[in-house]
Amino acid sequence: DVLVNSAEHDLVRREEITFSARCSFGGRFYSLEDTWHPDLGEPFGVMHCVMCHCEPQRSRRGKMFGKVSCRNMKQDCPDPSCDDPVLLPGHCCKTCPKGNTHEVCFYDDLHKSYNDRSYISSEENSNRDSAADFVAVLTGVMDSSGVARARFTLTRTSLTFSITFQRMNRPSLLTFLDSDGNTAFEFRVPQADTDMICGVWKNLPKSHLRQLEAEQLRVSMTTADNKKEEIQGKVIKHRALFAETFSAILTSDGVHSGMGGIAMLTLSDTENNLHFILILQGLVPHGISAKVPVRVKLLYRQHLLREIRANISADDSDFAEVLADLNSRELFWLSRGQLQISVETEGQNPRQISGYISGKRSCDILQSVMSSGSALTPGKTGGVGSAVFTLHHNGSLDYQVLVAGLSSAVVGVTIEMKPRRRSKRSVLYDITADFAAAQEERGGGRALGSCGRIEARHIHMLLQNELFINIATAEQQESELRGQIQMLPYNGLDARRNELPVPLAGQFVSPPVRTAAAGHAWVSVDEQCHLHYEIVVNGLSKSEDTSVSAHLHGLAEIGEMDDSSTNHKRLLTGFYGQQAQGVLKDISVGLLRHLDEGTAYIQVSTKMNPRGEIRGRIHVPNSCELGSRGEVVEEAEFDDLVFVRDPAELRKDPHTCFFEGEHHAHGSQWTPQYNTCFTCICQKKTVICDPVICPALSCPHTIQPEDQCCPICDDKDQDLICSCYFEGDQKMHAPGTTWHPFVPPFGYIKCAVCTCKGSTGEVHCEKVTCPPLTCSQPIRRNPSDCCKECPAEDTPPLEDDEMMQADGTRHCKFGKNYYQNSEHWHPRVPLVGEMKCITCWCDHGVTKCQKKQCPLLSCSNPIRREGKCCPECMGKFWC
């Protein structure tokens with residue numbers, strides 16, 4: 001308790017963070033007016049007695065920005081009226097135990113923080129902390145009887161949407177309209193034989209973000225058929241969305257009625273009460289200001305089961321109610337999608353809309369990662385389990401389960417609830433009969449099948465992330481692997497809907513690692529040869545070093561299965577929770593070939609296991625023989641290469657990298673906290689980290705300084721006068737040390753060796769002497785190779801008009817000149833001349849340019865010397 005209270009006290013005193021029109025806290029961003037309980041990571045978890053608030057502030061110039069303030073809420077807790085109050089999991093204040101029949105109102109649930117259940121850790125919901133949910137009901141505005149329900153989730157500046165529709169053909173175009181009725185964004189709906197539309201609107205402008213928050217955006221869908229149907233609706237924020245587990249679209253039997261609605265429903269946590277909220281459109285004609293009586297009916301095959309009466313108006317047509325104590329038959333029909341909800345006006349000319357209730361549908365995916373660390377008795381086996389589920393409208397649940405790296409044969413595969421007691425499991429569905437052991441590998445296998453009779457209560461628990469999947473083996477009869485079945489929010493990646501994820505296990509690392517962690521990943525390559533990835537992990541080991549910032553749990557890398565390869569691994573991202581996703585655009589031809597041949601891997605490394613904690617082989621067929629297709633930087637685009645150093649501006653730059661809790665400009669380089677013997681560089685939102693390469697030393701005696709990565713010669717007679725500063729890696733080097741120079745973006749160049757002259761403080765670099773060649777057209781096979789070599793067959797030199805059409809390595813044309821692959825040059829700009837502070841290079845037919853990145857200076861009056869690109873501090877590096 002003392003430790004937790006101290007952490008809360010330190011948190012409240014944390015320095016306030018500002019960010020333009022938003023707040024940044026713990027590596028995540030929050031919108032203005034957002035509130036949240038901060039997550040301090042292991043072992044503290046979420047501080048439920050601390051509330052943080054993103055307060056809107058206005059600068060002297062009138063610019064809005066956000067400021068984080070946190071306060072301890074414990075002093076606000078009321079005194080319990082009973083003698084034995086209890087502290088419920090996920091709460092701050094003690095409360096009196098509830099009676100057997102006490103029911104928590106649905107509206108109370110709406111104001112709880114997302115999923116406050118104790119066994120769902122803070123990390124598992126971290127991706128929801130800064131998300132906001134919106135909904136829209138779309139009804140006909142032009143010759144349409146269609147009705148659609150659209151659900152939107154805003155995360156930072158991306159708005160994902162899941163849309164289902166009825167009584168219309170599949171739309172071809174989705175349009176967002178701003179407050180003036182102008183088109184803000186268009187989405188071309190792909191053709192498919194389904195009533196579900198999934199998509200994402202990326203990088204919303206600030207003006208549209210404000211209109212979204214102010215509920216001023218509308219969304220429209222139109223068809224391309226002869227009917228030219230159109231439906232439209234207003235996007236609104238609704239707190240009930242996170243608690244919803246069942247839903248219905250309400251339509252009219254009339255033609256072009258313009259009426260429609262949706263029902264959002266959920267079961268009580270303890271009793272069989274069905275809470276619902278209705279959002280209705282067009283049921284009360286516009287112009288009628290008086291309240292109109294309506295009847296809400298619950299029907300089964302047109303037989304009336306329940307009825308509720310209410311009053312609504314054209315301006316206030318939404319309302320909430322509870323259907324209490326559903327019996328076993330009603331619950332059975334609910335689970336099968338056979339219950340119908342109907343809303344009908346009373347009086348003359350009654351109007352009616354109705355729809356069938358089923359489990360909530362969306363583009364999100366139900367999945368689970370099973371690890372030995374999450375087993376009922378936690379262990380470290382290095383095994384992995386991966387599962388994907390599909391819930392159908394009739395209540396059936398399809399599953400695809402894969403396990404690998406187990407210590408013994410599988411004897412049980414079950415879907416369970418959380419154990420009521422540690423020794424008492426709550427098995428709901430046993431699917432062991434569908435499991436088949438793998439013939440090619442020991443300790444692996446699959447289970448494919450369907451549960452046809454899922455109860456309504458279990459559907460509710462499934463969609464609230466309250467169920468688990470358990471794997472028992474001959475050696476671990478109770479549980480060797482276990483994982484929580486969780487809804488993974490849709491993010492625009494289509495691979496997860498079409499393919500199974502790749503399992504990541506400690507047993508797949510070379511050499512194998514007996515770890516408690518496991519994971520799975522979706523990987524795809526698009527038409528531009530950009531790699532899209534999404535990784536979910538469970539049970540990553542935490543570092544004992546609490547100084548590591550921003551809860552960095554691990555590093556995801558991609559590379560080749562051949563560990564002796566000289567190609568560098570590519571860093572994908574850092575893990576700050578249980579999920580990581582992104583796009584890798586600058587991929588080498590070699591890596592793309594390995595992806596195509598199935599000889600590449602994804603690996604997650606941690607501080608406890610820096611050479612890999614879990615790994616999985618990935619196979620992504622592609623036809624990217626020429627590498628990723630980027631855009632050639634022309635002379636007119638040089639303004640985009642300017643690096644901004646102001647932190648607020650860095651966050652706005654779309655090419656900025658976020659790593660270990662800090663933003664880094666495109667082209668900048670730094671030493672990472674997780675390993676000081678690496679050098680990282682930011683390349684358009686992608687962080688690439690290379691290990692320091694130590695040169696061979698010719699001296700008879702070497703020593704290993706504690707503060708350096710490479711050994712140095714033990715020369716006691718050396719004159720140690722002053723250190724050297726090398727602009728390549730922007731570091732100080734001790735006198736007498738040698739190193740390979742760091743050249744962005746290629747990393748460490750092994751064909752040159754630099755030495756710090758202790759007597760003068762100068763850096764002296766020598767290039768490896770290359771052997772003479774007899775061929776007329778030598779080539780450099782890799783950008784980091786020291787010397788060119790003759791190709792297998794010597795060919796005559798190419799003419800200018802043949803260079804771009806030749807087979808093999810592609811050349812580049814820049815202006816009027818042609819350049820060999822990997823060749824560097826300073827571009828010439830009309831009226832300006834040669835720009836020596838910008839370097840361009842040819843990368844397999846694509847010209848890339850980069851402005852020299854200057855180091856941060858600590859002096860107050862830096863100077864710029866003639867012929868230098870960067871300012872310097874006076875006398876800083878003089879001896």
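Computed from a predicted model, the values in this text were never measured in an experiment. Side chains are part of it too, since the values below use all heavy atoms of this structure and drop only hydrogens, waters and symmetry mates.
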*Kindly determine whether Y490 and F161 satisfy ring-ring contact (aromatic ring centres under 6.0 Å, His included), including the steps that lead there.*
CA-CA 8 Å; Y490 176 71; F161 45 87; 8.0 Å; no
*asked:* Nearest 0.5 angstrom please: S179 OG to L212 CG, how far?
replied: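 If I round to the nearest 0.5 Å, the distance is 12.0 Å.
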_Parallel, tilted or perpendicular: which one describes the rings of H664 and W670, with boundaries at 30° and 60°?_
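Rings of H664 and W670: parallel, as their planes differ by under 30°.
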Is the shortest heavy-atom distance from the side chain of [X] to the side chain of [Y] under 4.5 Å?
{"X": "F165", "Y": "I197", "result": "yes"}
{"X": "L177", "Y": "V219", "result": "no"}
{"X": "Q281", "Y": "M259", "result": "no"}
{"X": "Q581", "Y": "H532", "result": "no"}
{"X": "I262", "Y": "L278", "result": "no"}
{"X": "L584", "Y": "H530", "result": "no"}
{"X": "F134", "Y": "L217", "result": "no"}
{"X": "C70", "Y": "M51", "result": "no"}

Cut-off 3.5 Å, side chains only: do [X] and [Y] have a donor facing an acceptor?
{"X": "T153", "Y": "D133", "answer": "yes"}
{"X": "H460", "Y": "T245", "answer": "yes"}
{"X": "E55", "Y": "S69", "answer": "yes"}
{"X": "S220", "Y": "E230", "answer": "yes"}
{"X": "Q191", "Y": "R170", "answer": "no"}

_Salt bridge D178-R218, side-chain N to carboxylate O under 4.0 Å_ =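 So D178 does not pair with R218 through a salt bridge.
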_Ion pair E215/R210, N-O distance below 4.0 Å_ =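 So E215 does not pair with R210 through a salt bridge.
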*Distance flag, aromatic centroids of W201 and H208, threshold under 6.0 Å*: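 For H208 and W201, the ring centres are under 6.0 Å apart.
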*Check the surroundings of atom NZ in K291: do more than 12 heavy atoms from other residues, nucleotides or ligands lie under 6.0 Å from it?*
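Counting neighbours around NZ of K291, more than 12 heavy atoms of other residues, nucleotides or ligands fall under 6.0 Å, so yes.
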*Have a look at R151 and tell me which of M264, K360, H238 forms a side-chain contact (heavy atoms from CB on, under 4.5 Å) with it.*
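Between R151 and the candidates, side-chain contact (heavy atoms from CB on, under 4.5 Å) is satisfied uniquely by K360.
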*Which of these, T139, V147, T251, L280, sits in a side-chain contact (heavy atoms from CB on, under 4.5 Å) with I353?*
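Among T139, V147, T251, L280, the one meeting side-chain contact (heavy atoms from CB on, under 4.5 Å) with I353 is L280.
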*Within the side chain of T266, is there an N or O that forms a donor-acceptor pair under 3.5 Å with the backbone of A243?*
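Side chain of T266 to backbone of A243: a pair is present.
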*Ignoring hydrogens and geometry, is there a side-chain-to-backbone donor-acceptor pair from R351 to G282 under 3.5 Å?*
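Pair found, side chain donor or acceptor close to backbone of G282.
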